[in-house]
Amino acid sequence: MKSSRALSLITLLGCFVFSAGAFAVIDNSAAMVQLRDPANGGCIEAGAPLNNCFTDASTLADWIHITRNPAPSSTAPLLVKIGPGNYGQFFCGNASLNSTFSNITYQGSGMGQTKIASMTITNCTDLFFSNMTFTGVGGGTGYAIALIKGGPNTTWTNVEVLGSSSWNEYACGSKRGKHYWFSSRILSSGFGTTVAYKAPCDESWFLGTEISAIELGNQLNQLSAIQVSGRGEVHVYGSVIRALNNGTGIASGASHAAVSVTGTGNMHIHGTGIDAISSSASTVVALYAANGGIIHANGASYNMSTGAGGKVTRILNQGGHVHAPYQWEEHPTPPNIASVTGADMVVQTNCAATGCQKAGTETHLLIYNSNCVGTGGPWFDVVTRACR
C-alpha cells in the first residue's frame with residue numbers, strides 16, 4: 001500500500017499536468033503554426049486552447065523574424081496554416097533586418113475563405129502561397145502584393161489577387177527572382193490608372209491563370225493587364241489576359257493595351273487568350289512594344305472590340321519587336337484591324353477586286369501591309385499581287 005505522502009505527490013503531479021494542458025504554448029522551433037481569426041473562434045477549439053497558434057498577423061510575423069528565423073540554409077521549413085477569416089497586412093522580412101528568411105509556406109483555407117489585405121516581401125525567398133485571397137483593401141497600402149528590393153523566389157497556387165494594384169516590383173535587387181503562378185486569378189479594377197501585374201525586375205511564369213485589368217471610371221490614363229519593363233521577363237501559357245474598359249473614359253495610343261512591354265522587357269505568350277475590349281470609343285491594343293521591348297506571342301487568340309468610332313489594334317510597335325504571326329478566320333472581307341506589316345493573314349472568300357477572274361467566287365490570301373492605304377484597307381493580295 002502506498003503511503004499517504006506518496007498519494008498526495010501523485011495527486012499533485014496529476015493536477016499540474018492537467019493544469020498545464022489548459023495553457024497554450026508556442027514551440028520556438030515548431031515546423032507548423034496556425035493563424036486563426038478571433039471572429040471565427042481564434043485559437044480555441046472544442047473549448048481548449050491550441051498550441052502553436054496566433055490570432056494576429058503582426059505577432060506571427062514578429063515570431064517568424066525574431067524567434068523562429070527560418071534561414072536559407074535551414075533544413076526545417078515552416079508551414080503557416082491560415083484559417084478562414086479576414087486578416088490585415090502581412091509582412092515577410094523588413095528592410096531594416098539584415099537576415100534573409102526563406103522556406104516558408106502560407107497555406108490558406110481557400111479562395112474567398114482566407115482573406116488577406118496585402119503582402120509585402122523584403123529579404124525573403126522560397127515562399128509558397130496557396131488557397132487564399134489578397135483583397136488589396138483594408139490594409140492602407142494601395143497594393144495587394146509588393147516586392148521590395150526584388151530577388152525572391154515565390155510560388156502561388158489557387159491564389160486570388162484583387163485590388164486597384166495587384167502586383168508591383170518596387171525595387172530591383174542584385175539578382176532576378178522567379179515567380180510561378182498556377183490556377184490563380186489576378187484581377188485589378190480601378191479608376192484612371194489600372195495595371196494588374198507590373199514586372200520591371202523579376203521573371204514570372206503563369207500557367208492556367210487569369211490576369212485582368214478593368215477600368216471603371218470616366219478618365220482612362222493607363223489600362224494594362226501585364227506591364228513589363230527593365231529587366232522583367234514574363235511567360236504566359238494556357239491562360240487568359242484581359243484589359244477591359246467598362247467605364248466611359250477614352251483611351252488612345254498605348255493607353256489601353258492588354259500587354260505592354262517597354263525598355264529591355266521580354267514577354268512570351270503561348271496558348272493564351274488575349275482580350276482588349278472597351279465600351280467607349282477607344283483605341284484598344286492587344287500587344288504594345290516600345291523602346292526595345294520584345295513580345296513573342298505564337299499560338300495566342302484575340303478578342304477585341306471597341307465603341308462606335310474607336311479603333312482595334314492587334315499590334316502596336318513603337319521601337320520594339322513583336323513576334324506574333326496570326327491567321328484570321330476566313331471571311332468575305334478582311335478584318336478591320338490595325339497591325340504591322342507581315343504579321344497578319346486572312347483568306348478572303350469573296351474576291352470582288354480588280355484582277356479576280358471570277359468576282360465573288362474566288363478565295364484569295366491577303367497579308368497585312370501598312371503600305372496599302374487605299375479603300376481596300378491595309379491588305380496585300382498575294383494572288384493579284386496588288387493592294388486590295
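- Although no hydrogens or angles enter the test, the distance criterion places a donor-acceptor pair under 3.5 Å between the side chain of T114 and the main chain of S109.
- The salt bridge (Lys or Arg N to Asp or Glu O under 4.0 Å) analysis of residues 280-309, with sequence neighbours excluded, yields no pairs.
- With respect to K198 and E169, no salt bridge is recorded, no charged nitrogen being found less than 4.0 Å from a carboxylate O.
- Taking the charged nitrogens against the carboxylate oxygens, R231 and E203 have no contact shorter than 4.0 Å, which rules out a salt bridge.
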Query raised in the report: Are N158 and N131 close enough, and set up right, to give a side-chain hydrogen bond (donor to acceptor under 3.5 Å, both in side chains), and what steps lead you there?
Result: CA-CA 5 Å; N158 197 38; N131 304 317; 2.8 Å; yes
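- Residues S229 and T262 have side chains that never bring a donor and an acceptor to within less than 3.5 angstrom of each other.
- Using a 4.0 Å cut-off between charged nitrogen and carboxylate oxygen, R388 and D381 count as a salt-bridge pair.
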For residues 281-295, run the donor-acceptor check on the side chains, cut-off 3.5 Å, and write out each pair with its distance to 0.1 Å, sequence neighbours left out.
unit_1, atom_1, unit_2, atom_2, d
S282, OG, A251, N, 3.0
S282, OG, S278, OG, 3.3
S282, OG, S280, OG, 3.1
Y288, OH, Q318, OE1, 3.2

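- T209 and S184 are not linked by any side-chain donor-acceptor pair at a separation below 3.5 angstrom, with hydrogens and angles left out of the test.
- A donor atom on one side chain and an acceptor atom on the other are found under 3.5 Å apart for H179 and D202.
- The hydrophobic clustering, which links ILVMFWY residues whose side-chain heavy atoms are closer than 4.5 Å, places L244 and I269 apart.
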Query raised in the report: Given the rule in the side-chain hydrogen bond (donor to acceptor under 3.5 Å, both in side chains) test, do E329 and H331 qualify, once you have shown the distances and angles that lead to the verdict?
Result: CA-CA 6 Å; E329 65 276 8; H331 199 269; over 6 Å; no
Report task. Decide yes or no on ring pair (Phe, Tyr, Trp, His ring centres under 6.0 Å) for F134 and F90, but give the supporting numbers first. Result -> CA-CA 10 Å; F134 291 90; F90 272 46; 7.4 Å; no
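- Side-chain polar atoms of S118 and Y143 form no donor-acceptor pair below 3.5 angstrom.
- Of the listed residues (T105, N103, T154), just one forms a side chain to side chain contact (heavy atoms under 4.5 Å, CB included) with L127, and that residue is T154.
- Formation of a donor-acceptor pair under 3.5 Å by the H256 side chain with backbone atoms of A243 is found in this model.
- Nearest heavy-atom pair, Q219 versus N221, reported as atom, atom and distance to 0.1 Å: NE2-OD1, 3.5 Å.
- In the hydrophobic clustering, where aliphatic and aromatic side chains (Ile, Leu, Val, Met, Phe, Trp, Tyr) are joined below 4.5 Å either directly or transitively, L207 groups with Y180, F182, W205, Y237.
- Defined by atom type and a distance below 3.5 Å, a donor-acceptor pair is missing between the side-chain atoms of T59 and D62.
- A salt bridge links R314 with D344: at least one charged nitrogen is closer than 4.0 Å to a carboxylate oxygen.
- Counting only heavy atoms from C-beta outward, the side chains of V80 and I82 approach each other to under 4.5 Å.
- Contact of the T155 side chain with the F129 side chain is not registered, since no non-hydrogen atoms from C-beta on lie closer than 4.5 Å.
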Requested in this report: Step by step, work out the side-chain hydrogen bond (donor to acceptor under 3.5 Å, both in side chains) result for S212 and E210.
Outcome: CA-CA 6 Å; S212 296; E210 175 191 350; 2.7 Å; yes
